[in-house]
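Note that the structure is a prediction, hence the values are computed from the model and not measured.
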Amino acid sequence: MIRSPTAARPFLIISYLCIHIQKALLNPMEYDFRVIEEKWRKHWAENGTFQAKENTGKDKYYVLDMFPYPSGAGLHVGHPLGYIASDIYARYKRLQGFEVLHPMGYDSFGLPAEQYAIQTGQHPEKTTQSNIKRYREQLDLIGFSFDWEREVRTSDPTYYKWTQWIFTELFNSWYDESTQKARPISELIHIFEKDGNSGVFACCDECNPFTASDWTAYSESEKDDLLQKYRLAYLADSWVNWCPELGTVLANDEVVNGVSERGGHPVEQKLMRQWSMRIKAYANRLLEGLNTVDWSDSIKEMQRNWIGKSVGCSVHFQIENSEEQIEVFTTRPDTIFGATFLVLAPEHPLVEQLTTQEQKADVDAYVKASSMKSERDRQSNVKNISGVFTGSYVIHPFTQKRVPLWLGDYVLASYGTGAVMAVPCGDQRDWDFAKHFGLEIPNVFDGIDISEAAYAEKSGRIANSDFLNGLEVKDAIRTAIERIEADGIGRGKTNFRLRDAVFSRQRYWGEPFPVYYQDGRPKMIDLQHLPLVLPEVANYLPTSDGRPPLGNAEKWAWDSQKNEVVSNDLIDHEHVFPLELNTMPGWAGSSWYFLRYMDAQNDDVFADRNNIEFWKQVDLYIGGSEHATGHLLYARFWTKFLYDRGYIPFDEPFKKMINQGMILGKSAILYVDSGNNVYSYDVVQKLDDVSNLREVRVLIDLLGDQDDVDQDALRNWLPDFKDANFVCNEQGQLICKREVDKMSKRWFNVVTPDELCQKYGADTLRMYEMFLGPLEQSKPWDTKGINGVANFLRKLWRLFHFNDHNAPQITDENPDKEALKTLHKTIQKLSDDLNRFSFNTGVSNFMICVNELSEQKCHHRQILEPLVILISPYAPHIAEELWQRLGHEAGSVSKAALPKFNPDYLVDDAFSYPISFNGKVRFKLEFPRTMSPKEIEEQVLSNDQTAKWLDGKDPKKMIVVPGKIVNVVV
RNA sequence: GCCUGGGUGGCGGAAUUGGUAGACGCGCUGGAUUCAAAAUCCAGUUCUGGCAACAGAGUGCGGGUUCGAUUCCCGCCCCAGGUACCA
């Protein structure tokens, strides 16, 4: 056991190595993982063992891991968990005869490298490169079967060339609702030229009707402005989540509880001209597509909630003494007779116009107060009801009554129309609002009490509602919509919570937009001139006048004649134009990387059509569930878009997905008082007053087997402990309390795969990570148990009884029945475990198998060879070594055929029946499997032991389940 | 609040269609081997009572269905993740 401070480690590792070498010299038959693992890693790399090839005649299988962001902290044991599982699966698929694509790469654009650059002046490219190098070294140690020829890096210009291209394709597309498909913008222009926009049913921003002749009469810039409303990537003024601290905008899923996901800085609402993605166009298909993929229910549900489809209708309310109308969206048109007031969001465009002179002061104050509140404040004060009367009224379309018009910040400008018809009897928020301001609460439900709370259930009968009286809610909704449509005051409508995604970031370390501005209008740079490479800047911060970091670049202008980037000095707005200063968000590159792996080095297309046709969808995708509403939604969106435009033949990227759980760390805690004393945990537990103590986390590497700290090491670790007084227990130990935290440097509880590979070997690490528990569950890491797996691999090795010449002592004779049964039971269970992605029971089954074969003293080649193949996906290094020593070609176990299961070996002639009385098992009796239930019944009844449990009584009933159980009811 | 998971020994966990609860591993206890230690091997290890044979209880809690329930149904409690004025 290494129980030393990091400082003392080199010495211990050296001494450990000495002992190890000594042992290996003494006993050449021992399992020496260090030598073996290095040998096979080298062999696989040199022979390109795991390179995937297209069109080999085999069936394909695509196993993908979510690629990592290469952070400076390196990998801890939690990171490779999913990679190990996917690697095992990929290796099994190869043994089953599939051509397997199993690639890896890096999501290498991102904030941390940029923050580091701001602090140190170090170019993000440089830190990214060195982080990737470190990641690669760590990954290589674990023995993954990745095809590194296909590595991608999102920050590499040869990669982001295609990210830029996809952006231009999105810019040059619109969404045709009538065919539910993205189409080239050129086709839309053609339609406009012929028929104007009246026949166009598109997903677009609000747009007044125009005719073909209107269109032709528009100026270029008017046309451009109109087309922006239709493009899938568009430039628009929109309310964005602005994070002043980070100096950038954030997507909705990058904001958590009103603060930025990265860094936890406050976020506010701001109106900015930004690139956006019209993901809303795909809302329905993103929802429907979920039914076709094999993902966990929780992730699907999260996406469904995020998309948030609600079916209802729009209703127009005429404003009293005005030509204007207010449009509201409601899912409950059946309750329209209960609508006693209307509420607008404070940001609603008609607010100023509708406010009467008397109310102006109040309304202005309210609007101002609301705009000061961040979204977070609005959300956290749900119970805090606020609002103000505008002084205006609208006319109820059915009763013709005057309905007061209020403002309230519980109505969101960004959802629906930013206005609601308030039905206090049917909606709790409206009810609360009405109570608070003393507004009417008429009841439109038959026999429901609404004196204490609103009734929001979608059931029951409607009352006090004219033509809806007596109808069931469902029928009432339908009838109301029919009437609303017939009267021309509204129409059936479906709304989505999903909002268009802001696609601009005011950052340096991201993909530059392939865009320059001619008279303020965006122009795309053609594919043939891409990539538009990120320029050098002297400073990674925003410019002094508040422009994004790219504003610092001196050479960041586009010469539209030479088609190249030139110095800003040359900008003349004739041929040389300024380039876009924003960059793309982190999710741009990760939205399509799975396609690039299919043909990672192609310079002519993002991936060759033949390769795409061969590999198709990702068959198995493994990664964390934290990307449920971000990456996984955006990747689906881009996939559907590329499908629509005919670039790929499928519209869902990931057929099956498994989400691995998080591996948590176990922190070590000591107690410190205001003096200079450090207390052992067991001492603290006996103290009466602990109010003056505080918990301090210490480096877990300093702990021994009993959670006791190496005291000298602790003094050397941090100056705080240098001269501290240690209050130890009776054994003189300083014991730590262990607590489960996130694994992080911050809590000093990180365990790295490197140290475990060094000490126990990669095969042991791989199997232990799988053995910890079900893949999808989160679980704390405890290195203690790893011995069990290490012992198992040694036991496996001993099964082969190597002599001094490294030759196994095995026989070619036919194995006995018992050994065959063990083997085939294992084959069967393993294939079952694999189908269920139950890797933990997979490891157990290997342990059971090796235990049984050891007991049987099995020496048979016919048993041991299939076992080696079977275990090779889990423990590939030892398997290759054993395979070679068994006389096979080096490295070939990775390409062997999985042994076939033969049920004949499992058939038993007899079965040991548990005999239970009233459901409790009391003893066992063995009967032939062929014995009939009738005979078994007789045999059991005539047995001596039965008499004891009957205790003189007669059995009421007997249940005999052949091959399972016997139950006697007394 | 709502949605999705989950709750089984000292610990990680197993039990796949309702059929022997606790596989496998860790830890612990005892023994063998050893000058000693490591490693290895053997035996035991859900709890309670008992020297033992054995008996009773037992899968978050309370009910129900069934010959039989960790598994199915109803009601509740707790934990984790997601989400939240979405009209």
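For Ser844(A), whose side chain is taken as the heavy atoms from C-beta onward, the closest listed nucleotide among C41(B), G25(B), A23(B) is A23(B). In the set C24(B), G19(B), A87(B), the nucleotide with an atom closest to the side chain of Ile965(A) is G19(B). Ranking A84(B), C24(B), G68(B) by closeness to the Asn967(A) side chain, first place goes to G68(B).
Contacts of Gln777(A) with the nucleic acid, taken as non-hydrogen atoms under 4.0 Å apart, involve only primed sugar atoms and P, OP1 or OP2. Residue contacts for Asp430(A): at a heavy-atom cut-off of 4.0 Å it reaches no nucleic acid atom on any strand shown. If you check every strand for non-hydrogen atoms under 4.0 Å, Ile959(A) touches a base.
When the C1' atom is compared between G82(B) and U71(B), the two are found 27 Å apart, to the nearest whole Å. The separation of G81(B) from C28(B), taken at their C1' atoms, amounts to 35 Å, rounded to a whole angstrom.
Between the CG atom of Asn840(A) and the C1' atom of A15(B) there is a distance of 12 Å, given to the nearest Å. Protein atom CG of Asp833(A) is 8 Å distant from nucleotide atom P of A15(B), rounded to whole Å. When rounded to the nearest whole Å, the span between NZ of Lys825(A) and P of U16(B) equals 17 Å.
At a cut-off of 3.5 Å, with distance as the only test, no side-chain donor of Tyr681(A) or Asp708(A) sits close to an acceptor on the other residue.
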